[in-house]
Every structure is written in C-alpha cells, then in structure tokens.
Amino acid sequence: MDKRYDAKAAEAKWYPIWEKNGYFHDEPGHGSPYSVVIPPPNVTGILHMGHALNQTIQDVLVRWRRMCGFNTLWLPGTDHAGIATQNVVEKALKKEGKRRQDLGREAFVARVWEWKKQYGGTIVHQQRMLGNTTDWQRERFTLDEGCSKAVAKVFCQLYNEGLIYKGNYIVNWCPRCGTALANDEVEHEANHGHLWYVRYPVVGSEKGVRGEPYKDYVMVATTRPETLPGDTAVAVNPSDERYAHLVGKTVILPLTGREIPVISDVYVEKAFGTGIVKITPAHDPNDFLVGKRHGLEEINIMTDDAHMNELAGEKYCGMDRFECRKALVDDLEAGGFLDHVEDYDNQVGHCYRCHEVVESRLSKQWFVKMKPLAEPAIAAVKSGEVRFVPERWSKIYFNWMENIQDWCISRQLWWGHRIPAYYVRGNSSEEGAGNSEQVFVAETAEAALEMAKAKTGNVNLTLADLEQDPDVLDTWFSSWLWPFSTLGWPEKTADLDYYYPTTDLVTAQDIIFFWVARMMMAGIHFMGKPPFKNIVIHGIVRDAQGRKMSKSLGNSLDPLELIDAYSADALRFSLALITSLDCDTKVDKSKFEIGRNFCTKIWNAARFLEMNREATPQAEFGAASGPVQLSSDERHMLMACEKACEKVNDLLAKYRIQDGALAVYDFFWTQICDWYVEYAKDAPDKPTAFAILRDVFWKALRLLHPYMPFVTEEVAHQLGFLKDGETILRAEFPKGYTAEEKAAWGLDEEVYEYVEAKREMITALRALRAEYKVNPAAWVKVTIAAKDAATAERLSSEVASLKAAFRAESVEVLPGASELAMPGSLGRIGTVYLSLEGLVDKAAEAKRVAAELAKTQGFIKSIDAKLGNENFMAHAPAAIVEGQKTKRAELVAKIAQLEKLAKLFA
RNA sequence: GGGCUAUUAGCUCAGUUGGUUAGAGCGCUUCCUUGACAUGGAAGAGGUCAGUGGUUCGAAUCCACUAUAGCCCACCA
C-alpha cells in the first residue's frame, strides 16, 4: 500500500466501476423496496453546499439500506426551472442583441432545449463527484415526455373535477420577466420611501375651485401616488366615528375630476395615516378584495411592462411607473392637492429571480382550488400515515395547509409545460376566458379538436382553427408529481407498482410549502396514497457567521473545491458529522479537516494491518473457529464492535445521521486505533489478536461505507476483504455477532466493563507519569493494589499485556491495599502505584491527595444526603438507590486508601 | 400581528421518555518523533447548562414568565 492515500485516484477509479456495473440499479420484485426520489435541482444549477448536504444524507440512507438487503431506488433528475432557465437563455440572446420575441416562440424553445443539451448536464455530472448512488438509468427531467404526459393528464383531470379554473385575479407581476409570480416567489425587502398625504375634495361642498386649496376634503395617505388614476373609491373603517358622516358621500379624484364614493370597510386601519385609504382594485391585492366586496370598478392603468396606459390619462400614458409617480406628485402639488409628505419605511416586493419591483396586477390566470386537495393531505400527517422527522415540522405544515390559498399556476413564459387549453381561433384567450364554453381542455390538440367540433357543431374545424393557451405552467406543477410521474405514471408500470409510495423524502425546510406539501396533495389525489412515508427535514447550510450562503454575499463554499482539497469522503463525512436535523448547520473550511484526517487515519490503520499480514492467519475469524480462549482485551474489542454495529443501525433507523457518524468515528478511532491496535502490537497471542483486528476492521469499513464510500472500497480491496469484481457497496451491513459467537468467545457486559476499568487504570498511570514528569518512553515499576482477591488473580493472569500497556519493566499485583511509599491513583478495580524511586515531590503529592480526598468526601456527603432523604428512598427506582449505595461503598474504600497516602506524605 | 426554534467549555455543537461527579470536535497549555499515522500520540486547563420563579426525593432536561438571537407566514395604504 502507498504511504499516502490518493483520494482523487480512488474516486476516479471507483465511481465509473460502480456505475458501469449497475450497482446503483435494482429491478422491482425481489426483497423489500426502499425508494427515495431526489429533490430535483434546477437544470441551470450548479452544485452548492445545500445539495451536498441534502444528497449526502440521502446517499448515507440509501447505501445503508442497500447493504441491509433492501431493494433500493434513489431516483435522480433535474427540474426544468421555468423562469431560471428562460432567463439564462434570454441573457445569452441579449449578448447577440436579440430578444426572445425576435426568434419567435418555437425557435426560442428549441434554443432552450439546445442549451439544456449542452449545459444541462453540469449538475448531474457534479453529483457524481459526491459519490451519489443515484440510479442514473432512471434519470428523469420534469419536461421529458413522460413527465409532460403526466402534467397534461393531471391538468385535464383537475379541470374536469372543477378544481382548476381561470379567473380574473390580482397577481404579483414581474414587469421584467413579464409573468405572474406566486406569493412565495416574491421577496420582501425594506424600502425607504415616502407617504404622500393627498386631499380628495368632497363633492357637494360649496368651496373648491380647481387650482385653489379645497376647504372641504378628505385626506388620504398613500405610498403609491402613481396608482391614483386607478382609484375607484376611498375607504374608512366602519367604526371610525371621525369619518362616519362621510360614508356614502362622493369625493373628486384629483387631477381627473372623476367622482368616486366613500365606502367603509374593516380592512382600513383607523390608526394608520389619516385613517382614510384610497382604493385601487386593479393595483393592490387588498384593494382588490375590498373592490370585490363593494362591487367597485377595476381600472387597470398600467401595461405589462409597468408603463402607464391610456387609462392613466393622456399626460401620463407611456411613462414608466416611477417616472409617473414623480410627474403626478408634481401635478398634485401644483394643483394644491398635496398636503405634505412624510418619510416612510415599508416592505416592497421584489421578483426572486430578477429582483425587479413586483407590481400587483389584474390579469386572467389559471388557478388550482387547494382546499379540497389539502384536507386529505392534512389528515395523512395527522393520522401518522406520513411522518415528519423531526416531528415539529408537522406544525408548520399544518399551519400552512389550514390557511391554504388557491394556487396560481399559469406563467407567462415560453419555457415549460404549455397549458393544455385550446380556443377556437377568433375567440382569443382574452375574450374567451371566463366563458368555459369556448375553452377546450384536453391532453392533446386532437382531442381538443374533437371536443370543439362536438361543442360548436362545426365539423369542418381543423387543428389550424385551434389556438392553444399561450401560458405555461408553474414549474412546481410538474415537480408536485415527481414521486410518481418519474416512475411511469400515468402508465401502470412495474416500477410504479413496486416503488410507490417512496419511503423517505429528504429535503431542507425551505421547500416544505413549495414542494413537499404539494407532493402530498398530488400523491393522495392521483395515486390514492401519500407519496412517501417519512419526510426528513434537515437544516440549511450557513457560513461561519450564521448567514445563508449566497452568491451576492460571496460566502459560498464550493463543494467541488472542497472535494478537490479534502476529498469527497471528507466532505461527506464532515457534513454528516456536523449536521443536526434539528437546526441549521454552520460551516467553514476548517470543518472538513475532520473528514480528511479521518480518511488518513483509516488509511494508516489499514497500512498497519497490511504490514502485519503475515502475523494474521489466512482463515477469517468467525464462529467456525470454535470456542477459543480470548484475552479480556480481545473480548472487549469484539464487544465494542458489537455495540458499534447495534448503535449505528439503531441511529440510522432514527435518521440520526450525525450520531451515527460520531459512533462509527469513535469506534474506529478510539476503540480500534487508540486501544486495540496498541494492544495487538504486544498481544500474547498475535495470530488471534490480528485475526480479531481484521474482523472488526472489515466490519468497521462496512459501517463507515455509507459515509465514506471511496476510501472504504479502496481499503477493502487493498486488504483483500474483497476480490476483484466484488464491491463493498453490496456487502452486508454489519449486524453484530450471533448468540453462538458471543457464547463461544465469552462476550458479555462484565468483561466489557472490566476492560473499561482496566483502561482507567492505564490512563491513571499515564497521568501519574505526566505529573511526575517521567519520560513516557521510560520503563517503570508498577504495583497494583487490586480491589479484591478475584480481581488480583485476574490482573495477575494478564501481567504480560499490562506490562506492555503500562510500559513497565515489572508489574506486581497485590490483593487489597497496602502501605506503599509511592504515588498512586485509584480506579474502579484497584489502585495503581508508580515506583518513582526518590522522584516524588512529597509536598505536591500531599496536595494532590488532599484535593482528591476533599472531592471524594464532598461526593460522599451528597450521596449520604440522598440516601438519608426519606422521599428519595420512597420514590427513586430501586436500581438508582442500589447504584448510589454501591458507589458509596467504593468511595469509602477510596477514602481509606487516600488517607493512608496522605499520612505517607504528611 | 400569527407561528416556530434556539440560548450548555474560547468556538461549533451532543446530551432520546427527569436519575450516578454534564460530553465530543476544534482551539489552548505541557510533554512525546526507534516502522500505521505529527492530517499523529499522551496528559491537562476550561462550564453556578441565558435569567427568575414553579413542579419533583431529584431539573441542562418538564411548566410559566423575562431577556437575547434567529427563522417562517401574513403584512398598514
């Protein structure tokens, strides 16, 4: 074996072998299924730390289940990401001086496909660098043929069920992207703006000539004066006595002369501004609702790109909205309508994609009625059929689901699933919308044509007479079908039958609403079963200061750079180790040294084994070797291995990835390397000691494999645990030893505890050496005062290995305490004395003993207090009481010895 | 405004139904390079578990309030 582990070589070597041999691929049928669908990253995406964390967790779970014998499927794929992808291509076009309109829809979409073909594989390639065992043979894309078919079918079914409707609605509109945005696609940011106080003259008042201040007016406060031409009322709170007399009257809309009513609505806050609000139903979501309640006219005064239209008035028509704001304010002031201006900070919505200020805009959009879909999805979590891990996320899920709003699913883009709604030409979508008689919703144009013929009675209609709705569907309209569309739905496939519902869904908290909740609804509605059994939510990766990683902050770590610097195994292991499901994870570069160092440790330990190959019998260690007389250290090693296997399996079953990593780390490093390897070097029966070492090492490699796939595969082959053509990926995950093996080797808690206690003694002696500045390499004389005769006998039988562990030229074991003029240190099974032959600093030792004595006496006191407490004796469990008593007895013995020592140093 | 979470060693975090003297990694101090490993080994210092009150024989753990920090949802024109 090479002196250094070459991670890059191992990664480059093994991944292609795994993939080529189909190790990630199972066919439905045999065994129990364990299936997971990957949260599909945007096809435009590049791998970031969030992916690395999310996918590491999934790969750990999948590899573990696979090794446990499950029939596993981890289904990969990408999302077509409507706006994001279209933006990327539009940017490229811009460099050529073109807009998408110059190409036309068909050519533009072709261009996006071209882009996808060329660059869309980036993230898919990068995922391989992580070592993911996603089944690439089943890779899907949300816009591929199968997924598109599913989308069309779902749309039609929901439409026919009356759950999809087209409606006039106020939506968040990005003027730059030219599309509606979902509420969650709008990011609110603090804005330093103004509050303009504007006078609206009351009709019927005698005073008031244009150009002069009106005496009788209502004062309205607004942050958006440019929408004034769209006002169709002013409103006050019904309980506001100040203005009760105004309700029902009419006021004049400044600059326009139009008369609008004063209405009352609970939406108005009495305390804000003047307590009077202008109502602009076409340009504000709240005003829109007020308008609906009061039957107000909706006047849209802007164009799609946020310029004023002719309804804004001749003067402002064509102006940009912010330009118009200025002009209009100037005019208000000139007209004497502007009372005063205040500074005002509020939140303004921005497009999550291009950051343009979002406009509330009235438009016709397609919606999904969510309430009927949400109800069974709530029930599935309430009943426990689907479980959130950690459980508390279910509260957030309920909170959202119970207040769910209809989902605006149309987007004015070209890249995406086009809405399968058709109109007979001449009845354009604008005119025809809202009149369902003229909309034909069908999975194909041909089917729509048949419907049109039947409905209109015009048998001469051809496809050319049909016009498809120009809008495409929200990206999430395909992702919410992901758990079954990717398995072949709506076809009845073997995959769908076998792998649905999937087992676990692993994702971050930020898409619980976007994605998880909607998948729940779609799964239940179309498949009759929730799409997964467990929803595993992990935290977000943050930088060292706790900030979200983002491009604009420049605080992102690049997983590929980390893989380059530390190796994929290091990245994976460190992420697993520092990640808690319960909270976000703070990460900085130094964290990955843990993983890298661990890799090195594994490699070096493997080299040690390799160097001692000749000391190891060829035959593997196992029950077949029959009853053997094993030393206590060997039995302890096997017990530790047993415990580690049990622990790791148990923790992974509870999705405690972090604790599992810690458990296997500690097992390998502390138990195997720090203790057992040192023991094995001087073991009385080397062949047996090394046979055991090989056995536990091979188990440890398999325990580690889900976390560190490359180094474990490489080492397993180097050490001959696997032959060419075999893989650790499909080796059995260790389950611990059988009852027969345990009996044959005398594995029990007692021997485990005994060795633990013995190690305390070894540690104590090392501490003594350090305290008296005895060279760690020097050979010393050691005396042990054993707790009792039996322990003395037991210790005597292992003097050889104790000598090695203590680095002692002699070890004398005496039953019970004795008068020894040496420094000593107490453990559970006795006191270990170090002969210093005159090196002892009596004063220092006396101090140390006194301190120990005081501490011990203090502890006894606290135990006595407990044992003397009637309530404690009455209520505490018997085991606790017994434990306290035993502890006390030990401490009393310890005090006796310490007192003897104290006298010696006095 | 509604909801959720956190506060434990200098730093990042464990601590699973309340139960022996609260743990790990990093960092820090001291010591150690003759063949697994200095990306290492050994020893050590460091915490009144945010605060107050309550429940209990017993609280880092359960409850209430307070303080601080963070996240999500809805947002006042």
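The structure displayed is predicted, hence computed values, not measured ones.
Across B/A36 and B/A42, the matching P atoms stand 15 Å from one another, rounded to whole Å. On the C1' atoms, B/U56 is 34 Å away from B/U12, given to the nearest whole Å. B/A14 and B/A50 are spaced 13 Å apart, taking the P atom of each and rounding to whole Å. Taking atom C1' in both B/G1 and B/A59, the straight-line distance is 34 Å, to the nearest Å. B/A45 and B/U20 have their C1' atoms separated by 25 Å, with the value rounded to a whole Å. Of the C1' atoms belonging to B/U48 and B/A38, the separation is 39 Å, rounded to the nearest Å. When the C1' atom is compared between B/C4 and B/A74, the two are found 15 Å apart, to the nearest whole Å.
In this structure, A/Tyr344 reaches the B/A77 phosphate: one of its side-chain N or O atoms is under 4.0 Å from OP1 or OP2. In terms of phosphate contacts, A/Trp669 brings a side-chain nitrogen or oxygen within less than 4.0 Å of OP1 or OP2 of B/G41.
For the pair A/Ile276 and A/Ala770, both in contact range of RNA chain B, the more 5′-proximal nearest nucleotide belongs to A/Ala770. Nearest-nucleotide assignment on RNA chain B puts the 5′-proximal partner with A/Leu651, out of A/Leu651 and A/Ile880.
Proximity of a side-chain donor or acceptor of A/Asp339 to a complementary backbone N or O of A/Val198 within less than 3.5 Å is not detected.
With B/C57, B/A43, B/A36 as the candidates, the nucleotide lying closest to the side chain of A/Asn604 is B/A36. In this structure, the nucleotide among B/A24, B/C37, B/A36 sitting nearest to the side chain of A/Thr600 is B/C37.
Atom pair A/Ile594:CD1 and B/C37:P shows a separation of 23 Å (rounding to whole Å applied).
Contact annotation for A/Glu678: base contact, defined as any heavy-atom pair under 4.0 Å involving a base atom. Residue A/Lys885 is out of contact with every strand shown, counting any heavy-atom pair closer than 4.0 Å.
Between A/Glu646 and A/Lys643 there is no salt bridge, since none of the side-chain N atoms of the basic residue sits less than 4.0 Å from a carboxylate O of the acidic one. Remark: A/Arg828 engages A/Glu760 in a salt bridge, criterion side-chain N to carboxylate O under 4.0 Å. Checked for salt-bridge contact, A/Glu753 and A/Lys758 miss the test: no charged N lies under 4.0 Å from a carboxylate O.
Between A/Phe598 and A/Trp669, the two ring planes are parallel [angle under 30°; tilted spans 30° to 60°]. Using bins of under 30°, 30° to 60° and over 60° for the plane-to-plane angle, the ring pair A/Phe388/A/Tyr397 lands in the tilted bin.
Paired regions of RNA chain B, where each region holds three or more successive Watson-Crick or G-U pairs whose two hydrogen-bonding distances fall under 3.5 Å, are B:1-7 with B:67-73, B:10-13 with B:23-26, B:28-32 with B:40-44, B:50-54 with B:62-66.
Checked options A/Leu328, A/Thr222, A/Val220; the residue passing with A/Leu228 is A/Leu328 (criterion: side-chain contact (heavy atoms from CB on, under 4.5 Å)).
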